[in-house]
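Presented below is the structure to which this report refers.
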Amino acid sequence: MGPTAASPRAPFTTRSSRSVLPGFGLSLGFTLTYLSLLVLIPLAALFLRAAGLGIEGLWNALSSARVLHALTLSFGGALAAATINTVFGALIAWTFVRYDFPGKRLFHAMIDLPFALPTAVAGIALTVLYSEHGWLGAPLANLGIKVAYTPLGIIVAMVFISLPFVVRTLEPVLEEAEKQLEEVAATLGATRRQTIVHIILPTVLPALLTGAALAFARAVGEYGSIIFIAGNLQNVSEIAPLLIMIRLDEFNYAGATALACAMLVMSFAILFAINLLQTWNRRHG
Amino acid sequence: MASSRSRNALREPAPVRWVLIGVTLLFLTVFLLLPLLVVFTQALASGLPVFFAALGDADTLASIRLTVLTAVIAVPLNTLFGVAAAWAIAKFEFRGKSLLTTLIDLPFSVSPVIAGMVFVLLFGRQGWFGAWLSEHDIKIIFALPGIVLATTFVTFPFVARELIPLMQAQGTNEEQAALTLGANGWRTFWHVTMPNIRWGLLYGVLLCNARAMGEFGAVSVVSGHVRGLTNTMPLQVEMLYNDPGEYSAAFAVASLLALLGFVTLALKNFLEWRHGDELTALRGN
C-alpha cells in the first residue's frame with residue numbers, strides 16, 4: 001500500500017476508524033523485511049547451525065573446563081558489575097535529582113560517556129590507568145591490590161561500560177515520584193528511613209530492576225573494553241566472547257557456534273525472567 | 001515544632017547529604033573522568049610532532065576513511081529503518097506490536113562478537129553462501145560489506161528506540177488534521193511529523209553514529225585486520241597498542257575517537273538542554 005493509496009480524506013469509513021494515516025503497509029513492510037534480513041535470519045542461522053551439531057556435539061563443545069570457566073567468568077563478572085552499578089547508580093541518580101552541588105552539570109553530562117566513548121579506547125585507557133605505574137594502579141599496588149590483567153580488571157571494565165543504565169532509567173522515575181506522598185508520610189509521623197523504605201523504594205524498584213537487567217546484558221557480551229585489561233589467561237581471565245573469537249580464529253566453527261548459542265540462551269533466559277518478575281510486580285505491587 | 005519535624009523527615013541530615021555527594025563525585029571521577037584524561041595525556045605525552053606524525057601515517061588515514069565510509073552507509077540505513085519502524089509502531093494499532101518492539105531491541109542483548117560471527121557463518125568461506133560467493137568472486141567477510149553488515153547490526157536499534165516513544169507521545173491528531181485539510185501522505189510526513197520529531201531524530205542519529213564509528217568487537221570478527229585495507233579506527237588502535245613501538249601512536253588515534261565521543265556527548269547535552277521539552281518522551285524509557 002502506497003502512502004497515498006489509503007484515501008485519507010474519508011475519515012468516517014469503517015476501515016479508517018482505527019487510523020486514517022497512510023503508509024502502514026509500506027512502513028511495516030520495510031520494518032519487517034529489514035529486521036528479518038539483518039537480525040532475525042542471521043540469528044536463526046546461528047541456532048540452526050547449533051541444532052545441526054546435535055546434543056552430543058553441543059555437549060562436547062561446551063563441557064570443557066575452559067568453556068565453563070569462560071561462561072562463569074562472563075556471567076559472574078556481569079552479575080557483580082550490575083550489582084555494583086545498581087547500588088552506586090541508585091545513589092548517583094538520587095544525588096543528581098535531589099541535591100545541588102558545585103560541578104553538578106559537568107558530572108551529569110559525563111554519565112553517558114561509556115555510550116559515546118569507543119570501547120577499544122576505554123579498554124586501553126582503563127588498562128593504563130590501573131597498570132602497575134598507572135594513576136590508580138600504583139597506589140592500589142602499594143595496598144597489595146592488583147587490578148590490571150586480573151579478573152578484578154574485568155569487573156572494572158564491566159562497571160565502566162554498564163554504568164549509565166541504572167542512573168538513566170532511575171532518574172526520570174525519581175523526578176516524577178510525587179513528593180506529596182513523602183510529605184504525607186512525614187506528616188503522619190514516619191521517619192526519613194521509613195519513608196525511604198516504604199514509599200520511595202517501592203516506587204523506583206521496577207526501574208531499578210530494568211536498569212540492572214540492561215546493565216547485566218551489556219556487561220555479559222562486552223568485548224572491546226575488557227580484552228585489554230583482562231590479561232586473557234586461559235582458565236583465569238578469559239571471557240566467553242574472547243573464547244568465541246579464539247574458536248573462530250582456529251576455524252573451529254562448531255565450538256564457536258555452541259558457545260555463542262549458550263551465551264544467547266542464558267542471557268535471553270535471564271532477561272525473560274526479569275520481564276516476568278516485572279509483570280508480576282505490576283500485578284501484585 | 002511540627003514544621004521543623006516534617007522538614008527533617010523530608011530531607012537527609014547534612015552530613016548524609018555530603019557523604020552521598022562525595023561518593024557520587026568520587027565514583028564518577030574514578031570511572032569516567034580519569035579514563036578520559038588518560039587518553040589525552042598519553043596521546044600528547046611524546047609531544048605534538050609525534051602526535052601529528054601518528055595521525056598522518058598512511059595506514060591510519062586509511063582506517064579513518066574506512067570508519068567514515070562505514071558510518072556513512074550504516075547510519076542512514078538505520079535512520080530510514082528507525083523512522084519507518086516508529087511510524088508503523090507509534091501511529092497504528094496491530095497485533096504483535098509489543099513483540100516487534102522487543103525484537104527491535106534484540107541486538108542490544110547480543111554480544112558484539114556474536115553479531116559479527118553470524119555473518120561469518122552466513123558469508124564466510126565455510127558459511128552457507130560461502131561456496132556460491134567464492135564462485136562468483138564476491139567478498140563479504142574480510143571486506144567492506146562484512147564490516148558494514150556487522151556495524152549495521154550492532155547499531156540497529158538506536159534511532160528506532162528514540163523515535164518510538166517520542167512519536168507515541170505525540171499521537172496522530174496533527175497528522176489527521178493535515179490529511180483532512182487535503183495534504184497527501186508524504187507532504188503530511190515532511191511538513192507535520194518531521195518538524196515534531198527532528199530533534200529526537202538527531203539525538204538517535206548522534207548515538208547511532210558514535211557507536212558505528214567506535215564499534216570494535218563485531219567489526220573485529222569480520223575485518224581480517226589488514227593494515228591500510230580492512231582496519232577501522234578502533235582496530236587500528238588495537239594493532240598499534242599491541243605493537244611495542246607504537247604506543248603513542250595508539251593513543252593518538254584513540255584520542256581522535258575520544259574526541260568523537262566528547263563531541264557526541266556535548267551535542268547530546270546541548271540537545272537535552274535546548275530542546276528538552278521536545279525530547280521529554282525519551283526520558284521515560
Side-chain angles (χ1 to χ4, degrees), chain A residues 3-4 8 11 18-24 27-28 30-31 34-35 38-39 42-43 45-46 49 88 91-92 95 99 101 107 109-110 112-113 116-122 124-126 128-129 135 160 163 172 182 186-187 191-192 217 221 223-224 241 244-245 248 253 256 260 263 267 271, chain B residues 6 9-10 12 17 20-21 23-24 27-28 31-32 34-35 38-39 42 81 84-85 87-88 91-93 103 106-107 109 111-114 117-122 126 152-153 156 172 175-176 179-180 184-186 210 214 216-217 221 234 237-238 241 254 257-258 261 264-265 269 283-284:
Chain A
T4 54
R18 288 192 298 179
S19 177
V20 295
L21 301 189
F24 177 60
S27 60
L28 188 66
F30 179 72
T31 300
Y34 190 77
L35 175 71
L38 192 67
V39 178
L43 283 178
L46 174 71
R49 197 149 174 146
F88 284 94
L91 194 152
I92 291 167
T95 311
Y99 306 147
F101 50 91
F107 276 96
M110 273 189 4
D112 286 321
L113 183 72
L117 192 70
T119 54
V121 178
I124 63 173
L126 288 171
V128 170
L129 192 58
W135 294 344
F160 169 85
L163 190 148
E182 292 172 42
T187 318
T191 62
R192 188 63 186 153
Y223 174 77
I244 293 178
M245 200 71 124
L248 286 173
Y253 284 17
M263 275 194 83
S267 352
L271 291 178
Chain B
S6 73
L10 279 177
E12 293 70 46
R17 264 181 287 151
L20 291 180
I21 291 170
V23 172
T24 294
F27 193 81
L28 294 180
F31 278 99
L32 300 181
L34 289 182
V38 161
V39 177
Q42 295 292 329
F81 160 74
W87 181 264
K91 307 282 183 189
F92 299 91
E93 290 304 322
L103 288 178
L106 199 59
S109 35
S111 171
V113 171
I114 299 177
M117 173 188 165
V118 292
F119 295 108
V120 174
L121 292 184
L122 284 177
Q126 299 180 30
T152 313
F153 184 105
F156 178 86
T172 58
E175 281 85 1
Q176 289 188 22
L179 291 164
T180 315
N184 70 26
W186 285 118
F216 178 72
V221 178
V237 168
E238 181 200 24
Y241 181 81
L257 284 169
T264 304
L265 267 194
N269 277 284
R283 315 198 53 144

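Nothing here was measured: the structure is a model prediction, and the numbers come from that model. Order of the sequence lines fixes the chain letters, A, B, ..., with proteins taken first and strands second; residue numbering starts at 1 for each chain.
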Part of [X] lying under 4.5 Å from any heavy atom of chain B:
X	value
A:Met110	both
A:Ile92	both
A:Phe107	both

| request: Determine whether A:Leu113 and B:Phe31 make a side-chain contact, defined as any pair of heavy atoms from C-beta on separated by less than 4.5 Å. | output: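 A side-chain contact under 4.5 Å is absent here.
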Name the option with the most non-hydrogen atom pairs under 4.5 Å to chain A; the candidates are [options].
options	answer
B:Ala84, B:Pro112, B:Gly261, B:Ala85	B:Ala84
B:Pro234, B:Pro107, B:Ser109, B:Ala210	B:Ser109
B:Thr152, B:Thr24, B:Val23	B:Thr24
B:Val237, B:Val221, B:Thr264	B:Val221

| task | Identify the heavy atoms of B:Phe119 and A:Pro42 that sit nearest to each other, and give their distance. | result |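 So the minimum-distance heavy-atom pair works out to CE2-CG, 4.0 Å.
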| message | For A:Phe30 and B:Phe81, take the angle between the two ring planes, folded into 0 to 90°, and tell me which bin it lands in: parallel under 30, tilted 30 to 60, perpendicular over 60. | response |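 Correct class here is tilted.
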| task | On the 0 to 90° scale, with breaks at 30° and 60°, tag the A:Phe88-B:Phe27 ring pair as parallel, tilted or perpendicular. | result |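 Taking B:Phe27 first and then A:Phe88, their aromatic rings lie parallel (interplane angle under 30°).
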| query | Can you tell which of A:Ala122, A:Ala45, A:Ala217 has the highest number of heavy-atom pairs within less than 4.5 Å of chain B? | reply |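 Counting heavy-atom pairs under 4.5 Å, the top option is A:Ala45.
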